[in-house]
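Right, one structure below, let's go through it.
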Number of protein chains: 2
Amino acid sequence: MTRSPLARPRVTITDVARAAAVSRQTVSNAVNNPHRLSPETLERVLATIGDLGYRPQAAAQSLRHQRTGAIGVELGTLGPRRLNETTAPLLAALGVVGAPHDFHVVPFGSSSDEPMIDGYENMWRTRLVDSFIIMDTHHGDPRPQWLEAHGIPFVSFGRVWDDPGFTRWVDVDGAAGTQAATEHLLAGGYRRVGFLGWPEGSLVGDDRWLGWERTVPESHRGPSARVSQNLRAAWTAATELIGRLEPGDALVCASDILALGVHHALLAAGRQVGAEIGLIGFDGSPIAEIHDLSTIAHPIHQAAEALLTLLRGELDAAPPPAQGRLLAPHLVARASTSGPGNTHR
Amino acid sequence: MTRSPLARPRVTITDVARAAAVSRQTVSNAVNNPHRLSPETLERVLATIGDLGYRPQAAAQSLRHQRTGAIGVELGTLGPRRLNETTAPLLAALGVVGAPHDFHVVPFGSSSDEPMIDGYENMWRTRLVDSFIIMDTHHGDPRPQWLEAHGIPFVSFGRVWDDPGFTRWVDVDGAAGTQAATEHLLAGGYRRVGFLGWPEGSLVGDDRWLGWERTVPESHRGPSARVSQNLRAAWTAATELIGRLEPGDALVCASDILALGVHHALLAAGRQVGAEIGLIGFDGSPIAEIHDLSTIAHPIHQAAEALLTLLRGELDAAPPPAQGRLLAPHLVARASTSGPGNTHR
DNA sequence: GGGGTTGTTTTGATCGATCTAATGGCTACT
DNA sequence: AGTAGCCATTAGATCGATCAAAACAACCCC
């Protein structure tokens with residue numbers, strides 16, 4: 001029944017103090033204010049810390065500092081809001097990027113459509129977390145206002161559309177993404193570049209449309225259409241659209257799902273993806289990877305860094321930034337944009 | 001600069017005690033041992049708790065109890081082990097199911113392929129978590145042994161293949177899944193049912209193959225093939241396979257990716273999915289949903305419950321169960337198994 | 001030698017909750 | 001009346017870390 005030193009009994013600051021024949025405070029200083037100790041003492045204490053494998057306990061620090069370093073992130077599991085493709089990777093990135101700064105993530109769920117503020121309130125009141133990152137904000141979203149009203153620190157991944165004065169957000173520059181996609185296709189030798197996007201009126205959708213529209217020269221403009229985010233709709237629209245596409249033309253799509261619809265329509269029409277018709281999606285989803293479709297991927301890692309920086313400012317009561325932060329997504333080139341005439345592998 | 005009661009200053013047990021004119025301990029008892037109080041006192045204290053909106057602080061409880069209720073879950077972000085389709089939903093389910101039992105999840109990442117034990121050691125030594133759920137165990141996985149050796153509480157989602165004596169796992173019954181798929185197809189009127197799976201030798205793959213093999217009668221057995229988990233391979237194999245399929249036949253696939261490959265091959269061959277050839281995948285992934293493919297979905301919610309139950313036993317030093325727990329997945333019927341001759345929608 | 005500095009180390013209090021043991025009030029039994 | 005027993009309540013200590021302030025040592029200056 002012997003247990004290794006990692007297990008019980010835990011190593012506390014008192015153990016280290018005793019072993020090094022100093023006071024608890026001196027051990028604490030060795031860790032947090034090394035300059036206060038004489039070189040000899042410092043060395044001895046640090047050696048003892050190493051020997052015993054001491055690490056400060058998070059719970060004790062949290063209590064003392066009144067800060068846990070835990071960031072609440074809501075995962076909409078059931079109900080209308082699904083776990084989307086971007087959420088999970090962002091969560092992972094936040095975990096990795098946050099660790100060195102003593103931040104960690106605590107996902108929590110809202111099991112139903114109930115006033116989901118409940119989840120936030122629980123996490124906050126028990127101080128299981130001391131800040132939040134909200135995502136997928138939409139018009140009429142009650143969360144920003146509620147959090148603000150209660151003085152709860154939070155930042156947003158995605159602009160807060162309802163409140164233009166709110167600047168503690170990080171978002172992906174959709175227009176820059178479709179612009180890069182368009183340039184990539186033109187540079188790759190495709191003659192005309194068209195666009196398949198979502199119906200006008202969605203802020204994200206319009207943004208992505210804009211990037212294409214402002215980039216493609218009149219002389220190289222291919223046909224375009226706007227349909228809803230759904231495979232069947234995309235397929236149907238694409239079937240009509242590709243009737244107007246000539247070999248050497250290409251399509252920029254507002255999402256990987258739309259691109260997939262086009263992919264299927266091309267397949268069914270017996271036309272070749274990439275060599276005959278260029279095709280690129282948006283979102284960097286696994287779906288695009290599986291189908292060997294080029295796509296515009298979100299800068300997840302950068303977003304995580306930026307969000308944490310913002311959050312740290314917020315927790316230290318620093319003034320909010322002058323404006324939100326737009327990050328450029330990056331291009332992932334695959335077979336579907338290998339260039340006209342190029343038969344890929 | 002007024003702040004709402006939810007924000008600073010926090011409501012502590014002392015505040016409640018003062019307001020209700022009792023001692024701190026009495027407030028604590030009102031919450032944890034109500035039977036110890038006289039009815040009048042209890043009522044008064046609870047009313048005060050309600051008025052002030054008191055909730056015990058997690059950090060203080062953690063320190064006192066030497067238990068945080070936090071469960072570490074590793075998210076393999078980069079490196080070889082990817083964030084798979086099941087991980088994210090399970091994480092969400094654990095969050096929801098765990099909350100009422102004062103459990104919460106803390107995802108942490110291994111940013112590289114380094115000895116990833118590091119991540120576990122960090123989380124454990126600082127007692128940021130006091131247990132782990134490991135997933136995606138594989139042959140030669142160092143984690144179970146390491147955790148065991150250090151006396152760290154953990155349970156596994158997925159059998160621990162290396163150690164048959166280890167019983168603190170929950171897994172999905174693959175054979176039951178493919179059996180249900182096969183029965184569904186036969187009951188739906190498909191004449192012959194074939195199988196497309198992974199090469200022999202993978203434990204999960206063989207399990208899924210078995211469910212089909214033991215269920216389909218000799219007289220209704222369709223052609224089968226075994227290929228690697230990858231769209232292109234599936235597509236190629238399926239192209240060959242469907243040459244041997246007659247209208248009214250169906251295929252059970254070991255994964256949604258494989259089913260997708262078949263779907264594409266059918267599409268390219270101009271054959272109709274569902275009405276002509278039945279098709280069902282495995283894993284309940286979004287990919288299947290998007291393509292309107294029937295699939296066998298993992299019982300994520302049940303798995304989360306079972307894992308938490310196991311974990312609670314482990315934390316309370318209860319003896320391990322006699323054996324691991326196999327959960328039956330459930331069938332999600334969509335257009336791809338609508339029955340021979342039935343044109344769906 | 002008293003007083004002032006600087007530098008290192010320690011003491012005591014604190015964060016918020018809960019455990020243990022003690023206290024005071026009341027009834028009941030001898 | 002004395003005391004044993006029970007119930008409701010409270011005082012004090014504890015979990016592990018850190019802050020603020022005190023103590024102590026060594027040195028310099030007038």
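Just so you know, these numbers come straight off a predicted model, no measurement behind them.
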Hey, mind stepping through Thr126(B) and Gln61(A) against side-chain contact (heavy atoms from CB on, under 4.5 Å) and telling me if it holds? CA-CA 10 Å; Thr126(B) 58; Gln61(A) 288 183 315; over 6 Å; no

Mind running side-chain contact (heavy atoms from CB on, under 4.5 Å) on Leu91(A) and Leu91(B) for me, showing each step along the way? CA-CA 10 Å; Leu91(A) 210 59; Leu91(B) 211 59; 3.6 Å; yes

Sort me out a list of protein N/O and nucleotides 25-27 of chain D N/O pairs below 3.5 Å, or just none if empty.
none

Anything under 3.5 Å between a protein N or O and an N or O of nucleotides 11-15 of chain D, put it in a table, one pair a line.
from    : atom 1 : to       : atom 2 : distance (Å)
dA13(D) : N6     : Arg24(B) : NH2    : 3.3
dT14(D) : O2     : Arg64(B) : NH1    : 3.1
dC15(D) : O3'    : Gln66(B) : NE2    : 2.7

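One can place CZ of Arg18(B) at 14 Å from P of dT10(D), the figure rounded to the nearest angstrom. In this structure, the CG atom of Leu128(A) is 14 Å from the P atom of dA17(C), given to the nearest Å. Rounded to an integer number of Å, the gap from CZ of Arg36(B) to P of dT10(D) is 14 Å. Between His35(A) atom NE2 and dT9(C) atom C1' the separation is 14 Å, expressed in whole Å. Here the C1' atom of nucleotide dA17(D) and the CG atom of Asp15(A) are 13 Å apart, to the nearest Å. Rounded to whole angstrom, the span from the CG atom of Leu52(A) across to the P atom of dG16(D) amounts to 14 Å. One atom, CZ of Arg67(A), and another, P of dC19(D), lie 12 Å apart when rounded to the nearest Å. Between Glu40(B) atom CD and dC7(D) atom P the separation is 15 Å, expressed in whole Å.
Residues of residues 26-33 of chain B having a heavy atom closer than 4.0 Å to DNA chain C, listed by number: Ser28(B), Asn32(B).
Here the closest non-hydrogen pair linking Ala303(A) and Leu90(A) is CB-CD1, 4.4 Å. Here the closest heavy-atom approach between residue Ala304(B) and residue Val97(B) is recorded as CB-CG2, 4.2 Å.
Residues meeting the salt bridge (Lys or Arg N to Asp or Glu O under 4.0 Å) test with Glu305(A), sequence neighbours left out: none. In this structure Glu43(B) satisfies the salt bridge (Lys or Arg N to Asp or Glu O under 4.0 Å) test with no other residue, sequence neighbours excluded. The salt bridge (Lys or Arg N to Asp or Glu O under 4.0 Å) check on Asp171(B) picks up Arg159(B), with sequence neighbours excluded. Every residue two or more places apart in sequence or in another chain that forms a side chain to side chain donor-acceptor pair (under 3.5 Å) with Arg168(A) is listed here: Glu314(A). Every residue meeting the ring pair (Phe, Tyr, Trp, His ring centres under 6.0 Å) condition with Phe166(A), not counting sequence neighbours, appears here in chain and number order: Phe154(A). Scored by the ring pair (Phe, Tyr, Trp, His ring centres under 6.0 Å) test, His104(A) finds no partners at all (sequence neighbours excluded). A search for salt bridge (Lys or Arg N to Asp or Glu O under 4.0 Å) contacts involving Arg36(B) returns nothing, not counting sequence neighbours.
For the pair Leu46(B)/Tyr54(B), no side-chain contact is recorded, criterion being any heavy-atom separation below 4.5 Å from C-beta on.
For the salt bridge (Lys or Arg N to Asp or Glu O under 4.0 Å) condition, the pairs that include at least one residue of residues 45-72 of chain B, sequence neighbours left out, are Arg67(B)-Asp316(B).
Distances were taken from every side-chain heavy atom of Tyr54(A) (C-beta onward) to each of dT9(C), dA17(D), dT9(D); the shortest belongs to dA17(D).
Between Thr41(A) and the phosphate of dT9(C), there is a side-chain N or O to OP1/OP2 separation shorter than 4.0 Å.
The CG atom of Leu327(A) lies 12.5 Å from the NE2 atom of His301(A); values are rounded to the nearest 0.5 Å.
Within the 4.0 angstrom heavy-atom criterion, only backbone atoms of the sugar-phosphate kind lie near Arg55(B); the bases stay farther away. Within the nucleic acid shown, Ser62(A) has no heavy atom closer than 4.0 Å to any nucleic acid atom.
Defining each end axis of the helix from dG1(C)-dC30(D) to dT30(C)-dA1(D) as the rotation carrying four pairs' C1' atoms onto the next four, with five pairs an end, the two axes are found to diverge by 80° to 10 degrees.
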